[in-house]
Protein chains: 2
Amino acid sequence: MNGSTMRHRLLLPALASALIVSATGAAHADEGMWMPSQLPDIAAQMKAAGFEGRPEALSELAQPPMNAVVKVGGGSGAFVSGDGLVLTNHHVAFGVIQYNSSPQRDLIAEGFVAADRATELPANPDYRVLVTTGFERITDRVLAAARGKRGRAYFDAVDSAGKAAVAECEQMPAQRCSVANMDYGSDFYLVKQLELRDIRLVYAPPSSIGNYGGEVDNFMWPRHSGDFTLLRAYVGPDGRPADHSPDNVPFHPPAHLRVSTRNVKQGDYAMLAGYPGITFRHRMASEFAGQVDWQLPSRVALYRRMIEVIENASADDGEARVRYASLLRGLLNGLKRAQGELDGLRRSDAVATRRSDEAAMLAWLDSQDDADTTRADIAAAQAVLDEVAATRERDQLVTTILRLPQLLRAAVTVQRLAIERERPDAERESGYQQRDTALIEGQLRQLQRRYAPAVEQALLTDLVLQYQALPADQHLAEFDAVFGTTPEQVRAAVAALYAGTSFGDETVRVAAMQADRETLSASQDPLLRATARLMPAILRLEDAYKTHEGELLRLRPAYMRTLIGHRRANGEAVYPDANSTLRVSYGRISTLDPRDGVRYLPLTTVKGIVEKHTGEEPFDAPQPLLEAIAKGDFGSTAEPSLATQTVNFMTNLDTTGGNSGSPVMDAEGRLIGLNFDSNWEAVSASWMYDPRYKRAIHVDMRYLRWLMAKVYPAPHLLEEMRLPAE
Amino acid sequence: MNGSTMRHRLLLPALASALIVSATGAAHADEGMWMPSQLPDIAAQMKAAGFEGRPEALSELAQPPMNAVVKVGGGSGAFVSGDGLVLTNHHVAFGVIQYNSSPQRDLIAEGFVAADRATELPANPDYRVLVTTGFERITDRVLAAARGKRGRAYFDAVDSAGKAAVAECEQMPAQRCSVANMDYGSDFYLVKQLELRDIRLVYAPPSSIGNYGGEVDNFMWPRHSGDFTLLRAYVGPDGRPADHSPDNVPFHPPAHLRVSTRNVKQGDYAMLAGYPGITFRHRMASEFAGQVDWQLPSRVALYRRMIEVIENASADDGEARVRYASLLRGLLNGLKRAQGELDGLRRSDAVATRRSDEAAMLAWLDSQDDADTTRADIAAAQAVLDEVAATRERDQLVTTILRLPQLLRAAVTVQRLAIERERPDAERESGYQQRDTALIEGQLRQLQRRYAPAVEQALLTDLVLQYQALPADQHLAEFDAVFGTTPEQVRAAVAALYAGTSFGDETVRVAAMQADRETLSASQDPLLRATARLMPAILRLEDAYKTHEGELLRLRPAYMRTLIGHRRANGEAVYPDANSTLRVSYGRISTLDPRDGVRYLPLTTVKGIVEKHTGEEPFDAPQPLLEAIAKGDFGSTAEPSLATQTVNFMTNLDTTGGNSGSPVMDAEGRLIGLNFDSNWEAVSASWMYDPRYKRAIHVDMRYLRWLMAKVYPAPHLLEEMRLPAE
């Protein structure tokens, strides 16, 4: 599944998210996550690919069909009926299914079909469907206060202007607003969304269909998953968004997509709309090199070492192993992904490709009027990146020290909360405002289940020893003071922390949330004393991060301007790197040759479900499905050329995490598929689109139709979607 | 690689090899291992498949081109020059390469190119190339003495008549003769072969090319192996076969194949000639059921258990683990193959297919004149099979007891040698004649490296306990007397054997080879005493085996006659099951869809070598190869449609173990490939040819030509084969 990865959580924001510049060599025929407003510019190439509609019709995100595409939970989705039915992935709606499950009524295992609207089940109260209603360029407003400033001041000015615009926008009831930074500080957009808060579960297949293949098949092709769920959005009797209430009525969306009843085959045009999270394709060549030469290899080494430390420290302690199972799984998954991304970027020769493209664009720049000032900005941006890189080993270790050991992390959180509380709520750092305290308390309480003192001590000791081994000029005085400067001192200092702290006690932790900075500093608890002494260093690193980010926000637009200008001179449009805003990709249903001598075919069939079936999770196809396959009654949903029922199909559409649940449409805009994953060979696509390997994986709508007609029937829902029941 | 499997060595001959009857449903278009003499009968279908020559020309095995196809070592090969160059697989010639290797000059690692004839290296003295010179039907002679007899007497009569024919035939100097049992006792052929004894190594790639991928890639596609070697046959100055001598001269074969310089592509006609070892396709339906329902599952269970016993018993003993490494590897490989064969037979629904074909042929039989007597013979054959099946669990265990524990096996061998020595040499059981003693002595000496007393004790204990758990009517009095009848007695008895024996001493074992039966029976050594007591049971089982085999030899021809008659009535020819005689298969270069959504392409390229390369065995492509690939200088050997160098290709040709080294020819008889393996999905093809899954894997002759032209150049050899040097 497309999803956020561990690394984002483990690394300093500077190394993972951020706000920067771009390029990957000339864009490939089907590459691109286009802003809808750009589609008229690329109308000719869309037509050439087979699109039969008017690109202009797709360019307005508050008009049909784009306003049928919504943000759902952490992914994407689409309205598929006039009564608010929303189609998204089983894994995107998983929290809703889980929320409604109990040992007595296990909807995860059994699936769910609401017999009528009265029996549709309310989602967890924080589950949302967001309909984009406006997308307004506010670059001038955001940058007005920033002009002339530098570094931290530039960052703060942009940040404040954005917050002010959001606050103003959210005056409108049920309107959720955010600012999107487009092209790394070049442009800013105010995104307005209608926030639907009463979402209900309507139809979910058993997870043995919705997640058939589980982790084993994750990222793999051929695939055989029915990864879809139907939800319904409700509003108050007045038609406005409302919290859940039995009095609410189905939302009538401004538009909905029609599920196709036609066949699809290799080579057919396809396009997809959704909310891709983050890509790095327009980063500078030096950043590509840093990713391949340092970031990914060092992540692989660090994760591998952490896994070893945790496994060794918990080898003889069954309970500790259970507590660290989830973290270990996350580290293993992160390790696998980092290795896959590294292999992919090397296979695609990404660094050399990006370097030669950058050289060409800089050569082109020489002929431009603003060449000197632009070149100076780009050089200055590079200098900032070099400065950031100078301490990257230290920053990676410090970030890991502050995130991975859970008890230490909790103590740092409490310290930070005390510091932020000294300011008015509106000025506090996000994540530490009044609205965040319930979440923080929950985390502090749950901690009990996710750490074991001996394991955490081993982990922290190992990380601090790695930090100690760094060159002296990367050291932080506060860290050295707390942990000492020799291996013996480190071991003793960390041991003393865990021997003496009472922070392992849930009530102590929760009580500490109320303490002020002075009280915490004066605490006799060694962990609280230590973290109080570390705080100045942590805040200093954060300030340096924001200073760097501010400079990059100021300087990267010069790089981006050059990249766009150079491409335009070659007759090419440039899509902005993904930033969780609505985008459109187009391409075709495609084979994939993953390695010499092997071709993946673009359509899978129910035959593959039976081949994979072992009866044991994750290959435990449910009996009704196996029986229906054996019966072979596929009716109008069978693919004639294969004489059987299809399950999933594969395209070369450009996607990334966040595109889960994106509707896949044919040349005439009919809904033919539901995006739910990409392939392992494309794990490096967040940096570089390689047309040989980038594929996206979708549920064939004919499989959905067959399941809903013949296997777990819901004729009333098919009728609502105006689909045949056989 | 196609090769003999563990099971043949582990099971009683009755369960593995033998001499029996047949059918698998109507033959598929490209199914068949045809006797050359049958090709005129199937001329129409060969022509339809694309063959452009005259099938009659292929039907004479002592005429060109068939007499260019030879038996080499344990596989097949072909003459490829008028001066006796023989092309076969690297793995078929591996013993020759190993024989000429030393730590100082490691030809396995480095490969070998003889600069001229003077530097060609002599093979190990027992290495042979056999040229078939005659194939004479002697059915009447063999069966004359057997008619009217039954059981053991029938077996002995056939056996003696065959031995007499061979002895008479081998009066001719350098002529090696054998009797081939065709169609399970229906026909017997006297095979005459010219035995070439001076074989020399001419050209071998490094094993990192010849065995690229090793065990990991074994049975796998896509494949990237240069599994070929060139040998040369020499004869005495008089032109007759001779032992190695510097005075010998190259053999001028009666014919040789021409290596093609044309391209090959998917769908092209292909055919292959060679010496396939054994297939079971015309066995009775009940035997198919026995294989699927009992033989393979019980082998899987037994091997798994033996693996567990050996691993547990050697867990704390590093030296023991080394000694059992080879046996363990064999068991793991046998387990994998058995499971693969079982999966394949189930996937192909082999039992049901065979059953329905058998029902149809028996229905057809009703309309025939000899229906009653034929039916009676078939029923009698089935009764014999039922009788054999009644003790199959016991026989499997006893066979394993006598084969797997090496020290026990050595003691049984010595006993048997003493018994056989009581008769004239010519009448002794094969394997125990004067000519066999050197081999036996070698095995007795080497034993030291392959067993550890504690492990063997654990193994034998476990096997005998399994035997003890069988129903009483399967027990053998001698085994019960030696090992006892309760688990405690078994453990004590086996422990006493190993505690008291001095047979672990090499000199004791070798000395015992000279002892007579009486001396051995009177020995104080507990192992020798025990095996002496077991011998009557062992001889009784062997007699029962020969009695059953004799009856089946007598009765199966009725089944075979019916099968052939029924097929002929439907206009179909029937090829005999493989029996190591020269056969021809035809078909085409083919894709394979191993599972839903995956297609294997039929040609692999050097790109795949680089993709697989890790630098570590078995994916350690040599530097000169990697450099030549990077250079991309493929000249006339590149495949134009792929714009690169091919390595291997895949056909649907019908092959089995023994076909290693078989020449693959195009529609005009040019040599386009060298067979070296089949695919994992086809591991069940020895029982049933399933056209969806049966494929054969070949070295593309263009890869050989490129390696010999550009990577490890041998222009003189290319010139000898009249091939371009670029």
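Reminder, nothing fancy here: chain letters follow the sequence lines and each chain counts from 1.
- Within a 6.0 Å sphere centred on CD of A/Glu627, other residues, nucleotides and ligands contribute more than 12 heavy atoms.
- Annotation for A/Gln339: atom CD counts as buried by contact number, over 12 foreign heavy atoms lying within 6.0 Å.
- Within a 6.0 Å sphere centred on CD of A/Glu639, heavy atoms belonging to other residues, nucleotides or ligands number more than 12.
- No other option in B/Arg347, B/His224, B/Lys607 has as many heavy-atom pairs under 4.5 Å with chain A as B/His224.
- Between chain B and the residues A/Pro222, A/Pro602, A/Gly597, the largest count of heavy-atom pairs under 4.5 Å involves A/Gly597.
- In this structure, A/Val598 and B/Leu601 have side chains that are not in contact, with every pair of non-hydrogen atoms separated by 4.5 Å or more.
- The main-chain N or O of B/Thr605 is found under 3.5 Å from a side-chain atom of A/Asp596 such that the two form a donor-acceptor pair.
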